[in-house]
Q: 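Below: one structure in structure tokens.
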Amino acid sequence: MDHPLQAWRDTLGDLGVLGLVREAPAAPVPPAVPERRAQAQAAPIVTPVPPRQGPPAYVPPTAPGACPSAEVVAGCGSLETLQQAVSGCLACPLGGGRIKLVFGEGDPQARLLFVGEGPGRDEDLQGRPFVGKAGELLDKMIGALGLKREQTYITNVVMCRPPDNRVPAPEEARACLGYLRRKLELIQPAVIVTLGATPLRELLGVSEGITRVRGQWRRLQVGDREIPVMPTFHPAYVLRQYTQDVRRAVWEDLQAAKAWLDRPDGPTAGR
Ligand code: SF4
């Protein structure tokens, strides 16, 4: 029978971080919100870039009744009711091409939330986020942090598959943004990890390349809270660029997110 630590070692080996974990410099952890003013000079986090257009833009339906109004979305008091409300959404052209709407899944009270770009072929078929090769890698990364997938929440900027797995057009992302923000309000995660450039651009208005900004803490205003955001590479990019440097970068970013989660004085400690 394998030693119980063997699976952990295999996962770290897959991520290319075996032997690097101890040496990897810990990325800075954002200070707790109440401490932020006092530590303004020394704060290791990067000042978040405000969303480009203030509150989430909500694109009206292309046809009457094709999607819930902003008021209906705001009034959804649970993920279930929100999912029900958006199940027939046709607010952007992606809706017409989907097989299944991929709402997102995981713990409705997750402290760690991942936001990717949009569903791919496997996700469209199954109606679940991150179930293909990229999903397998994401699962391994979550496991390497000592967590289970179902302890987190996983979703995307758009809930319907862009054709040929292209990047969602800005108007498509904006049409779905109100739904994503309502999910964040309902879940209230302690940390958000954005996967790739698209969620960072759409949620925070950061248009710089992900290679430049990954690993740098941001903050996202969700309701009356600011949630720390850790940008990192999309798992699909990691699979395409399967280099030691890319894998180590992702591992360091995820460790930073986990370190924030593990703070005993974190904003949602004990949840
Ligand atoms: S991607 Fe979002 S906004 Fe567009 S049709 Fe699907 S659920 Fe509606």
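Position 1 is the first residue of the sequence; numbering continues from there.
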Q: Taking W217 for the side chain and A256 for the main chain, is one N or O donor matched with an acceptor at less than 3.5 Å?
A: no
Q: Any chain of hydrophobic side-chain contacts (each under 4.5 Å) joining I99 to M159?
A: no
Q: Answer yes or no: is there a side-chain heavy-atom contact under 4.5 Å between L220 and L184?
A: yes
Q: Could you work out, with ring-ring contact (aromatic ring centres under 6.0 Å, His included) as the rule, every residue matching Y237, not counting sequence neighbours?
A: F233
Q: List the atom of C89, the atom of A91, and the distance in Å for their closest heavy-atom pair.
A: SG-N, 3.3 Å
Q: I'd like to know whether V158 forms a side-chain contact (heavy atoms from CB on, under 4.5 Å) with E202, so could you lay out the CA-CA distance, the side-chain angles of the two residues, the decisive distance to 0.1 Å, and finally the verdict.
A: CA-CA 10 Å; V158 292; E202 300 304 334; over 6 Å; no
Q: Looking only at heavy atoms, which two atoms of P235 and L137 are closest? And how far apart?
A: O-CD2, 3.8 Å
Q: Are L145 and W251 packed together at the side-chain level, in the sense that at least one heavy-atom pair is separated by less than 4.5 angstrom?
A: yes
Q: Please name the pair of heavy atoms, one in M141 and one in V250, separated by the smallest distance, quoted to 0.1 Å.
A: SD-CG1, 3.3 Å
Q: Look only at the side chain of N165 and the backbone of G120, and say whether a donor-acceptor pair between them is shorter than 3.5 Å.
A: no
Q: To the nearest 0.5 Å, how far apart are OG1 in T194 and CZ in R214?
A: 11.5 Å
Q: Can you check whether L94 reaches R98 side chain to side chain, under 4.5 Å on heavy atoms?
A: no
Q: About how many Å separate CD of Q84 and CD of E80, when rounded to the nearest 0.5 Å?
A: 9.0 Å
Q: Less than 4.5 Å apart, side chain to side chain, heavy atoms only: is that true for Q151 and D107?
A: no
Q: Would a single hydrophobic cluster contain both F130 and L239, if residues Ile, Leu, Val, Met, Phe, Trp and Tyr are joined by side-chain heavy-atom contacts under 4.5 Å?
A: yes
Q: For the residue pair H234 and A236, what are the closest heavy atoms and their distance?
A: ND1-N, 2.9 Å
Q: Can you tell me how far CD1 of I192 sits from CZ of F114, rounded to the nearest 0.5 angstrom?
A: 11.5 Å
Q: For a 4.5 angstrom cut-off between non-hydrogen side-chain atoms, does P68 reach V86?
A: yes
Q: L254, Y242: one ILVMFWY side-chain cluster at the under-4.5 Å cut-off?
A: yes
Q: Side-chain heavy atoms nearer than 4.5 Å, only ILVMFWY residues, links allowed to pass through others: does that put V102 and Y153 together?
A: no
Q: Donor-acceptor check, side chain of Q126 to backbone of E123, threshold 3.5 angstrom: yes or no?
A: no
Q: Restricting to non-hydrogen atoms, name the atom on P231 and the atom on Q216 that form the minimum distance, rounded to 0.1 Å.
A: CD-O, 3.1 Å
Q: Is there a side-chain contact between R201 and V167, using heavy atoms and a 4.5 Å cut-off?
A: yes
Q: If we ignore hydrogens and angles and just use 3.5 Å, is the side chain of E117 paired with the main-chain N or O of P168 as donor and acceptor?
A: no
Q: May I have the step-by-step check of salt bridge (Lys or Arg N to Asp or Glu O under 4.0 Å) for R121 and D124, ending in yes or no?
A: CA-CA 5 Å; R121 184 177 60 91; D124 187 35; over 6 Å; no
Q: For the residue pair L203 and L177, establish whether any side-chain heavy-atom pair is separated by less than 4.5 Å.
A: yes
Q: Going by the rule salt bridge (Lys or Arg N to Asp or Glu O under 4.0 Å), which residues pair with R149 if we only count those two or more places apart in sequence or in a different chain?
A: E105, D139
Q: Whether the side chain of T152 engages the backbone of A110 through a donor-acceptor N/O pair (distance < 3.5 Å, no angle test) should be reported.
A: no
Q: Starting at CD1 of I187, measure out to CD of E185 and round the result to the nearest 0.5 Å.
A: 11.0 Å
Q: Give a yes or no answer on whether the side chain of R218 reaches the backbone of L204 with a donor-acceptor pair at less than 3.5 Å.
A: no
Q: Could you tell me the separation between the CD1 atom of I227 and the CG atom of L113, rounded to the nearest 0.5 Å?
A: 8.0 Å
Q: What I'd like to find out is whether the side chain of R111 reaches to under 4.5 Å of the side chain of P189, using heavy atoms alone.
A: no
Q: Counting only N and O atoms by type, is there a donor-acceptor contact under 3.5 Å from the side chain of K183 to the main-chain atoms of L82?
A: no
Q: Roughly how far, to the nearest 0.5 Å, is the CD atom of Q221 from the CZ atom of R181?
A: 8.0 Å
Q: Could you tell me which non-hydrogen atom of N156 sits nearest to which non-hydrogen atom of P129, and how far apart they are?
A: ND2-CB, 4.1 Å
